[in-house]
Amino acid sequence: MKITLEAKAFAEIEAGALVSWVFEESDPVQGRIAELDQKTGGLLRKLVKSGELTGKTLEMTLVHAPAGVKAERLLLVGAGKREAYGPAQLRKLAGAALRYLKTRGVKQIALLAREGETTAEAAQAAAEGLVFSNFESDKYKTEKKNGKEVDAVLLAGWDGESRAAGEKGLQRGLIIGEAQNFTRDLVNEPSNKLTPRVLAERATAMAKEAGLACEILDEKKIAELKMGALLSVAQGGPEPPRMIVVTYTPANAKPSGPVLGLVGKAVTFDTGGISIKPAEGMEKMKYDMAGGATMLGVMRALAALKPSVKVICVVPATENMPGGTAQKPGDIQTAMSGKTIEVLNTDAEGRLILADGVTYAKQLGATHLVDAATLTGAIVVALASVNVGVFGTNQEFTDKLLGSAKTCGEKMWPMPMDDEYRDFIKGTMADIQNIGSGKGGGAITGAMFIREFAGDTPWVHLDIAGTAWLDEAKPWAAKGASAVALRTLVDLAGKL
Ligand code: BES
Ligand code: MN
Ligand code: ZN
């Protein structure tokens, strides 16, 4: 998809559709919309009068062959209340407009900016929304929706200074949107197509194309490094595990500067192992590698955006299978750090592989850690599919990440990590156990377990079990992988 900035008068634009946003306010025909009303001979006022145009969020009003403009159609998208409007809304509106028009066969759309939207932020948000929304989860359908190419222009008074800013924002938006779609494609893959080895190949190819260093540890190397927690999960099936390491080193890396470690859970299929999951809904467990895919997407974006901080991405990848060689409840494993773990439930496997991932990232030099994982069903109970659960041990670092989430329009909510919860994972036969003892707080228990391995290194855990997958399509997004947390982490890397 091609997106360009355009400064022409809106009436002169030839496109399949001219699109703009309408606020829900006592008189929705204001500012840019009033200009549009004048050019079209009072069309918008008529629509308001008839009740067809109210500005309610995501209301779509489509008019064919509008008078006074060259575009074939005019699409007015409800933007909700003006006070609540910002880049997060713009991203969704742009995406929703694209999907709405794409299904109607429109091939070029022109987004007419509202007042004050000649900024880098606006161009970035619109580009992100457009690229993200243009993705379809139809890779394995013989008839593709993706075949329908759409191009877009961002229409505003881009003059000298604002044009330079707009171009920058647009490029950033394209990079981030494409990285999100890269992640979504990986997450959507079924487990027969995307095994740990295939994920490693995909990471290697991405790194090569992006100009990043990439090292893949195979099962032999993993055993040599004594990654016993990762191996214990992998032993349940014939597919060997992989530890994927992708590194971004900035041109003028300071030897004493911070190093961001991004650790992503990549269980390419989670059957639960011997503590097997119920059949109903089990097919969804192909997305149990979303954390890993998100981190790889972040790296892809960072390679192009070139922040000044070094970033090491570590993705432990395995299946969780219940084969004859599988670990059994009660088994005791020794993690790479040397800590012993009593595996009371083989379905709490994410924290096991993250234990070794986090230890390895620290060994490679990470001074700050973020992990992302589809870790617990309990986070879905706590926050549903609205917010990512955020757990941290260092307030300053956690606040920084939450600030990035806000900037990027990704909903995240802080969860507690009080010392009282430490008792939940205290081991009886080993140092720690991988589940609590029925005292509740399942998502916190999982975070406390990973904390054992992060130690004193500033660390944030993101539980994305509820948010990494859209069960239903949204007006701005196809059903399936959401790539949640990618934008936030790209922003965070720029702020370290
Ligand atoms: N991958 C699951 C968590 C999950 C659940 C992700 C629902 C997406 C949707 C994880 O490995 C798991 O099985 N967690 C268990 C932990 C329990 C055994 C302590 C859970 O949440 O039930
Ligand atoms: Mn599990
Ligand atoms: Zn899992």
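We count ligands from 1, going down the list as the structure has it; atoms in each ligand are counted the same way.
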Is a salt bridge present between [X] and [Y], judged by a nitrogen-to-oxygen distance below 4.0 Å?
{"X": "D288", "Y": "K265", "value": "yes"}
{"X": "R197", "Y": "E239", "value": "yes"}
{"X": "D491", "Y": "R487", "value": "no"}
{"X": "K479", "Y": "D471", "value": "no"}
{"X": "E149", "Y": "K2", "value": "no"}
{"X": "E136", "Y": "K141", "value": "no"}
{"X": "K339", "Y": "E452", "value": "yes"}
{"X": "K426", "Y": "D419", "value": "no"}

*Please work out the angle at the Mn ion (ligand 2) defined by atom O of D347 on one side and atom OE1 of E349 on the other, rounded to 10°.*
70°

*Are there more than 12 heavy atoms of other residues, nucleotides or ligands under 6.0 Å from atom NZ of K439?*
yes

Answer yes or no: does an N/O atom from [X] fall short of 3.5 Å to an N/O atom of ligand 1?
{"X": "Y287", "result": "no"}
{"X": "D347", "result": "yes"}
{"X": "G377", "result": "yes"}
{"X": "N345", "result": "no"}
{"X": "R351", "result": "no"}

Considering only the protein, which heavy-atom contact is closest to [atom], and what is its distance?
{"atom": "atom 19 (C) of ligand 1", "value": "I435 CG2, 3.5 Å"}
{"atom": "atom 7 (C) of ligand 1", "value": "M285 CE, 3.8 Å"}
{"atom": "atom 2 (C) of ligand 1", "value": "D270 OD2, 3.5 Å"}

Do the side chains of [Y] and [X] get nearer than 4.5 Å, heavy atoms only?
{"X": "T376", "Y": "R351", "answer": "yes"}
{"X": "L58", "Y": "W476", "answer": "yes"}
{"X": "V77", "Y": "L75", "answer": "yes"}

_If you consider just the N/O/S atoms, which atom of D288 is the closest one to the Zn ion (ligand 3)?_
OD2

*Any idea which N/O/S atom from E349 gets closest to the Zn ion (ligand 3)?*
OE2

Just which atoms of ligand 1 are under 4.0 Å from any heavy atom in [X]?
{"X": "A465", "result": "6 (C), 8 (C)"}
{"X": "K265", "result": "1 (N), 10 (C), 11 (O)"}
{"X": "E349", "result": "11 (O)"}

_the Mn ion (ligand 2) to nearest N/O/S of D288 less than 2.8 Å_ = no

*For S275 and G272, indicate whether the former's side chain and the latter's backbone hold a donor-acceptor pair under 3.5 Å.*
no

So is [X] touching ligand 1 or not, going by heavy atoms under 4.0 Å?
{"X": "K284", "answer": "no"}
{"X": "W469", "answer": "no"}
{"X": "L375", "answer": "yes"}

_the Mn ion (ligand 2) - closest N/O/S atom in D270_ = OD2

*asked:* For M289, which part has a heavy atom under 4.0 Å from ligand 1: side chain, backbone, both, or neither?
replied: neither

*Rounded to 10°, how many degrees is the angle OD2/D270-the Zn ion (ligand 3)-NZ/K265?*
170°

*Just go through L352, D288, N434 and tell me whose heavy atom is the nearest to atom 1 (N) of ligand 1.*
D288

